Amino acid sequence: MKKDDIVRMKIEDISSEGLGIGHADGIAVFVKDTVIGDEIEAKIIKMKKTYGFGRLTELLTPSPERTLTRCPVARQCGGCQIQAMSYEAQLQFKQQKVRNNLSRLGGFSEELLDQVMEPVMGMEDPWRYRNKAQFPVGTDRDGKLIAGFYAGRTHRIIDNHDCVLGVEQNQQILELVLAHMRKHHIPAYNEETGKGLIRHVMTRCGFHTGQIMVCLVINGEHIPAEQKLAETLRQIPGMTSIVLNTNKENTNVIL
């Protein structure tokens with residue numbers, strides 16, 4: 001088996017990074033965007049001595065545990081590797097991973113694990129549970145300001161203002177920040193040139209208090225019209241603080 005070969009296989013497991021694991025010609029192949037039980041066709045994109053990586057080209061027979069993703073950019077984004085797997089299957093997968101680690105790495109016997117391990121506890125609603133998020137800010141190929149998350153293993157930003165794992169206020173915060181940048185011609189930071197001002201927007205929400213903090217990581221000392229931005233963000237219920245984290249490791253509270 002070599003690069004560019006087309007192989008057919010069944011996904012038997014999921015790696016710790018969320019990649020499906022199947023076997024072709026006796027060699028383990030890791031394929032993104034697959035679920036345990038999927039029968040797939042994949043194109044080999046990289047080969048090592050004892051394993052390879054493939055790209056999903058066709059889903060031949062979907063796994064019974066496959067479900068529709070709630071996020072429209074789940075495949076591109078690097079934050080939700082197993083969203084296509086049903087929540088019940090995700091819980092079983094995670095419990096088995098813990099058990100395997102305790103057995104294989106910890107050396108605990110299967111008999112002992114049968115006695116002491118409790119069933120995995122899931123959430124009633126497995127969405128909107130992350131109270132902290134950090135969104136890189138950049139531009140797309142057309143020069144449009146974007147914010148979201150990095151694609152897997154890259155620093156290419158996937159434009160997404162409403163991650164379904166984060167709080168709903170994140171969308172409003174990001175859109176207000178980007179609107180302020182457009183109005184005052186504030187450039188996003190460019191990793192290649194080291195120029196530009198706004199690098200990241202970090203948010204934190206207290207689920208019990210309802211308080212919200214926004215931290216802007218910038219490549220400079222100040223943001224143009226920063227008090228205007230603070231006044232705009234202050235309209236969001238629960239907003240208690242807006243912080244600038246500068247390139248000199250200084251932190252300035254502007255609200």
Side-chain angles (χ1 to χ4, degrees), residues 17 71-81 127-207 209-255:
E17 295 181 339
C71 175
V73 295
R75 285 191 64 175
Q76 302 98 306
C77 181
C80 294
Q81 295 88 343
W127 309 102
R128 304 290 183 191
Y129 61 86
R130 291 183 179 172
N131 73 327
K132 177 185 175 183
Q134 183 164 315
F135 302 90
V137 179
T139 55
D140 63 12
R141 294 179 179 178
D142 299 321
K144 174 189 173 184
L145 285 170
I146 58 174
F149 295 100
Y150 293 127
R153 298 187 177 187
T154 76
H155 271 207
R156 179 172 62 89
I157 299 173
I158 303 300
D159 194 24
N160 181 15
H161 300 175
D162 186 27
C163 173
V164 293
L165 301 187
V167 297
E168 294 178 341
Q169 294 92 327
N170 286 339
Q171 181 177 11
Q172 186 178 5
I173 292 168
L174 287 176
E175 292 178 354
L176 289 175
V177 171
L178 294 179
H180 184 84
M181 292 175 66
R182 288 190 291 267
K183 180 178 180 180
H184 296 279
H185 307 288
I186 302 171
Y189 180 72
N190 185 310
E191 290 185 342
E192 294 181 359
T193 65
K195 298 180 180 180
L197 185 61
I198 307 296
R199 302 188 63 164
H200 294 87
V201 178
M202 189 186 78
T203 66
R204 187 185 293 272
C205 178
F207 287 139
T209 65
Q211 296 179 329
I212 301 173
M213 180 188 76
V214 175
C215 178
L216 302 177
V217 182
I218 64 175
N219 180 39
E221 298 300 317
H222 297 283
I223 296 175
E226 60 189 35
Q227 290 301 327
K228 287 289 186 182
L229 175 60
E231 292 172 7
T232 302
L233 291 173
R234 193 181 294 127
Q235 305 305 313
I236 300 174
M239 185 66 65
T240 57
S241 62
I242 302 171
V243 177
L244 297 184
N245 189 282
T246 73
N247 61 357
K248 291 186 178 180
E249 299 183 358
N250 295 325
T251 299
N252 304 319
V253 179
I254 60 175
L255 171 58

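Owing to the predicted nature of the structure, the values given are computational and were not obtained by experimental measurement.
- Rounding to the nearest 0.5 Å places OG1 of T246 at 8.5 Å from NE2 of H222.
- Other residues, nucleotides and ligands contribute only 12 or fewer heavy atoms inside 6.0 Å of the CD atom of E168.
- Proximity of a side-chain donor or acceptor of N219 to a complementary backbone N or O of G194 within less than 3.5 Å is detected.
- Ring geometry, F135 versus F149: the interplanar angle falls from 30° to 60°, so the pair is classed tilted.
- The line from SG of C80 to CG of L165 is 4.0 Å long, rounded to the nearest 0.5 Å.
- The side-chain contact (heavy atoms from CB on, under 4.5 Å) test with I212 is passed by exactly one of L233, V167, I236: I236.
- Taken from CD1 in I242 to SG in C215, the straight-line distance is 11.0 Å, to the nearest 0.5 Å.
- Formation of a donor-acceptor pair under 3.5 Å by the D140 side chain with backbone atoms of D142 is found in this model.
- Residues K183 and K228 have side chains not in contact (no heavy-atom distance under 4.5 Å, counting atoms from C-beta outward).
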M202 vs M213, test: side-chain contact (heavy atoms from CB on, under 4.5 Å). Steps then yes/no. CA-CA 8 Å; M202 189 186 78; M213 180 188 76; 3.8 Å; yes
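- A donor-acceptor pair is defined here as one N or O able to donate and one able to accept, closer than 3.5 Å; no such pair exists between the side chain of H180 and the backbone of A230.
- Note: H185 NE2 to L197 CG = 14.5 Å, rounded to the nearest 0.5 Å.
- In this structure, H200 and Y150 approach most closely via the heavy-atom pair NE2-OH, 3.7 Å.
- Using a 4.0 Å cut-off between charged side-chain N and carboxylate O, D162 and R128 make a salt bridge.
- For D159 (side chain) and A147 (main-chain N/O), a donor-acceptor pair under 3.5 Å exists by modelled atom type.
- From N170, atom CG reaches atom OG1 of T203 across 3.5 Å, with rounding to the nearest 0.5 Å.
- Taking CG from L176 and CE from M239, the interatomic distance works out to 8.5 Å, rounded to the nearest 0.5 Å.
- Annotation for A188 and G138: closest pair CB-CA, 3.6 Å, computed over non-hydrogen atoms.
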